[in-house]
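Step one of this worksheet: look at the structure below.
Values below: all heavy atoms of this structure, side chains included; hydrogens, waters and symmetry mates excluded. Just so it is clear: chains get the letters A, B, ... in the order the sequence lines come, proteins before strands, and each one is counted from 1. Computed from a prediction, not measured in an experiment: that's the story for all the values here.
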2 protein chains.
Amino acid sequence: MNAGPPGPVRTLRPARTTATRQKLFDASMELIGERGAAGVTVDEIAAAAGVSKGTVYYNFGSKSELIAQLLRHGVDILKARLQEAPGQEAAAQGAATAVSGDPLLAMEAMIGQALDFMSEYPSFARLWVSENWRTPSEWQGTFAVLRGELLAVIGEAVERVAQAYPVDSTVPRGSLETAIFGACFVVGLDRQTYHPERTRDQSVAAIMAFMRGYVLQQPGPRG
Amino acid sequence: MNAGPPGPVRTLRPARTTATRQKLFDASMELIGERGAAGVTVDEIAAAAGVSKGTVYYNFGSKSELIAQLLRHGVDILKARLQEAPGQEAAAQGAATAVSGDPLLAMEAMIGQALDFMSEYPSFARLWVSENWRTPSEWQGTFAVLRGELLAVIGEAVERVAQAYPVDSTVPRGSLETAIFGACFVVGLDRQTYHPERTRDQSVAAIMAFMRGYVLQQPGPRG
DNA sequence: TTATTTGAACTGACTGGTCAGTTTGGTTAG
DNA sequence: CTAACCAAACTGACCAGTCAGTTCAAATAA
């Protein structure tokens with residue numbers, strides 16, 4: 001904990017600071033993803049970022065705060081990826097407004113984006129699963145918020161499927177979203193760690209089995 | 001690391017040692033599940049087990065080895081649970097030999113067992129997901145072996161489903177097993193951490209959506 | 001039965017080292 | 001000119017692993 005030196009101004013951050021923070025994010029992501037938050041020292045992070053230890057404290061105030069902001073940073077990227085996947089543009093306006101594409105295809109695109117993210121930022125995925133479910137965690141609040149944001153995006157996509165297709169109403173929506181969300185992380189990490197030979201599309205297909213089991217019989221959107 | 005004092009005899013372990021080891025397993029599981037392997041000290045574990053620090057080293061040689069044996073211990077319990085779930089007794093003997101029950105129901109029972117295990121040993125589940133995908137982990141080999149054992153049990157159950165029902169052959173078996181496996185952990189942990197109001201059966205239903213999406217149309221075993 | 005021995009199991013103070021966070025006095029870039 | 005950064009020393013807490021000594025139950029001797 002640290003009351004903190006002056007600290008970088010919150011508004012209109014200059015270019016140098018932004019670059020420094022980015023370098024620190026990159027280095028932390030890599031190291032913490034490999035060895036865990038507790039297993040990495042601030043000295044190591046600073047060295048890997050090519051920056052002095054004091055700069056870390058100048059910019060973030062504490063190791064804990066650095067990690068909290070790192071989590072926020074990663075989630076912002078993932079959220080953006082999910083939302084820019086094809087078919088995500090049209091949200092629930094009225095009821096079953098006619099939208100462009102097939103929501104199941106949109107879902108598939110979204111899962112593909114999620115898996116691509118896991119490939120691109122495997123360290124973030126490891127950090128997430130490592131720290132997410134710790135009960136008295138320093139980042140409990142942070143995780144609750146970020147988790148909610150991500151599940152909301154997935155929830156919208158599921159909602160669109162549920163409006164276009166007849167779905168199994170005995171499957172609770174929340175648990176389904178959780179299962180999909182978790183499967184993306186786990187399948188992505190497992191592929192990277194234990195089965196690099198498995199393709200992206202195979203993984204997407206496996207996770208999409210979820211959605212195919214959720215919708216009731218017969219293809220054809222607009223149930 | 002520790003060449004090790006005499007060390008407890010491997011065969012015919014006396015009652016005292018067995019009890020001590022069990023106490024250490026219980027205490028470690030609890031503490032490590034909450035704060036992570038690196039976040040817990042050997043002193044704490046010893047104190048929580050009501051045992052001196054030296055005893056930990058007498059019995060396990062090192063913190064690392066204690067955790068490795070803890071992982072093995074937990075997996076043995078989980079494996080036993082999965083295998084004793086109803087409908088797991090008949091394995092693949094020839095091809096589609098007539099077995100007792102519906103493999104889909106057996107699958108459902110198995111997932112239920114897995115979720116019960118996650119409820120009963122949430123700390124083990126947290127330890128697993130925290131350390132499983134670390135790349136140069138001290139327990140890399142341990143995890144590879146244990147993961148294989150668990151996936152094999154799941155694989156047999158999936159195999160039985162595939163023999164009784166027509167299934168979607170475009171979904172790779174390995175990825176599917178991974179997804180189910182991971183979903184059990186994540187849904188179980190999420191329930192415990194964020195949504196205690198969700199019931200066991202709701203969670204089972206959500207994960208079973210996987211299997212329903214895997215089998216092609218129309219109910220009725222013995223395709 | 002009682003005394004003595006043995007050694008596995010256990011104890012806890014101690015050591016050497018590590019690490020988060022601080023401070024200070026200077027340097028650089030915008 | 002000043003916010004941002006650097007380098008390096010320092011503090012105080014914490015921690016994995018060690019080891020000389022203790023306990024006690026069972027084996028053996030008297």
Side-chain angles (χ1 to χ4, degrees), chain A residues 1-28 31-32 34-70 137-139, chain B residues 1-28 31-32 34-70 137-139:
Chain A
M1 296 312 144
N2 189 1
V9 271
R10 193 127 325 178
T11 55
L12 272 180
R13 192 180 305 286
R16 193 151 59 125
T17 293
T18 302
T20 297
R21 291 169 62 89
Q22 186 61 48
K23 281 191 293 181
L24 281 169
F25 279 149
D26 291 345
S28 314
L31 290 171
I32 292 175
E34 278 175 6
R35 311 214 304 272
V40 174
T41 71
V42 176
D43 292 275
E44 281 174 315
I45 293 171
V51 142
S52 81
K53 187 179 183 178
T55 299
V56 177
Y57 284 90
Y58 182 82
N59 279 280
F60 295 98
S62 73
K63 183 185 182 184
S64 190
E65 180 60 23
L66 162 63
I67 292 171
Q69 292 195 28
L70 183 63
S137 163
E138 315 176 54
W139 308 289
Chain B
M1 296 312 147
N2 189 359
V9 272
R10 192 128 324 177
T11 56
L12 274 179
R13 192 181 306 285
R16 190 149 60 125
T17 292
T18 303
T20 298
R21 290 170 62 90
Q22 187 60 50
K23 280 192 295 182
L24 281 169
F25 278 150
D26 292 344
S28 313
L31 290 171
I32 293 175
E34 278 174 7
R35 312 215 303 272
V40 174
T41 71
V42 176
D43 290 275
E44 283 174 312
I45 292 171
V51 140
S52 82
K53 187 178 189 176
T55 298
V56 176
Y57 284 90
Y58 180 82
N59 278 281
F60 295 99
S62 71
K63 183 184 182 184
S64 189
E65 180 61 22
L66 163 62
I67 292 170
Q69 292 195 29
L70 183 63
S137 162
E138 316 176 52
W139 308 289

Worksheet item: Can you list the residues that meet the side-chain hydrogen bond (donor to acceptor under 3.5 Å, both in side chains) rule with B:E34, with sequence neighbours excluded?
Response: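 Listed in chain order: nothing, the list is empty.
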Worksheet item: In chain order, what residues pass the side-chain hydrogen bond (donor to acceptor under 3.5 Å, both in side chains) check against B:T55, with sequence neighbours excluded?
Response: B:S52
Could you state the interatomic distance from [atom1] ([X]) to [atom2] ([Y]), rounded to the nearest 0.5 Å?
X: B:F25; Y: B:I45; atom1: CZ; atom2: CD1; value: 11.5 Å
X: B:I32; Y: B:I67; atom1: CD1; atom2: CD1; value: 4.0 Å
X: B:D26; Y: B:Q22; atom1: CG; atom2: CD; value: 4.5 Å
X: A:T41; Y: A:R35; atom1: OG1; atom2: CZ; value: 7.5 Å
X: B:T20; Y: B:Y58; atom1: OG1; atom2: OH; value: 10.0 Å

How many Å lie between [atom1] on [X] and [atom2] on [N], as a whole number?
X: A:F60; N: C:dT22; atom1: CZ; atom2: C1'; value: 19 Å
X: B:D43; N: C:dT11; atom1: CG; atom2: P; value: 13 Å
X: A:Y57; N: C:dT24; atom1: OH; atom2: P; value: 17 Å
X: B:E44; N: C:dG12; atom1: CD; atom2: C1'; value: 17 Å
X: B:L24; N: C:dA9; atom1: CG; atom2: P; value: 13 Å
X: B:R21; N: C:dA8; atom1: CZ; atom2: P; value: 16 Å
X: B:K63; N: D:dC14; atom1: NZ; atom2: C1'; value: 12 Å

Discussion item. Using the side-chain contact (heavy atoms from CB on, under 4.5 Å) criterion, which residues pair with B:E65? Sequence neighbours excluded.
Written reply: B:S62, B:A68, B:Q69
N/O-N/O pairs, protein side and nucleotides 6-9 of chain D side, under 3.5 Å:
{"from": "D:dC6", "atom 1": "OP2", "to": "A:S52", "atom 2": "N", "distance (Å)": "3.1"}
{"from": "D:dC6", "atom 1": "OP2", "to": "A:T55", "atom 2": "OG1", "distance (Å)": "2.5"}

Practice prompt. Could you tell me whether the phosphate oxygens of D:dC5, OP1 or OP2, come under 4.0 Å of any side-chain nitrogen or oxygen in A:N59?
Written response: yes
Worksheet item: Got a sec, which residues hit salt bridge (Lys or Arg N to Asp or Glu O under 4.0 Å) with A:K53, two or more places apart in sequence or on another chain?
Response: A:D43
Worksheet, complete the sentence: Ranking C:dA20, D:dC5, C:dA8 by distance to the side chain of B:Y58, first place goes to C:dA8
Discussion item. Please classify the nucleic acid contact of B:V56 as base, sugar-phosphate, or nothing, using heavy-atom distances under 4.0 Å.
Written reply: nothing
Item to complete: For the helix from C:dT1-D:dA30 to C:dG30-D:dC1, measure the angle between the helix axis at one end and the axis at the other, each built from five pairs, rounding to 10°.
Response: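 Comparing the axis at each end, I get an angle of 10°.
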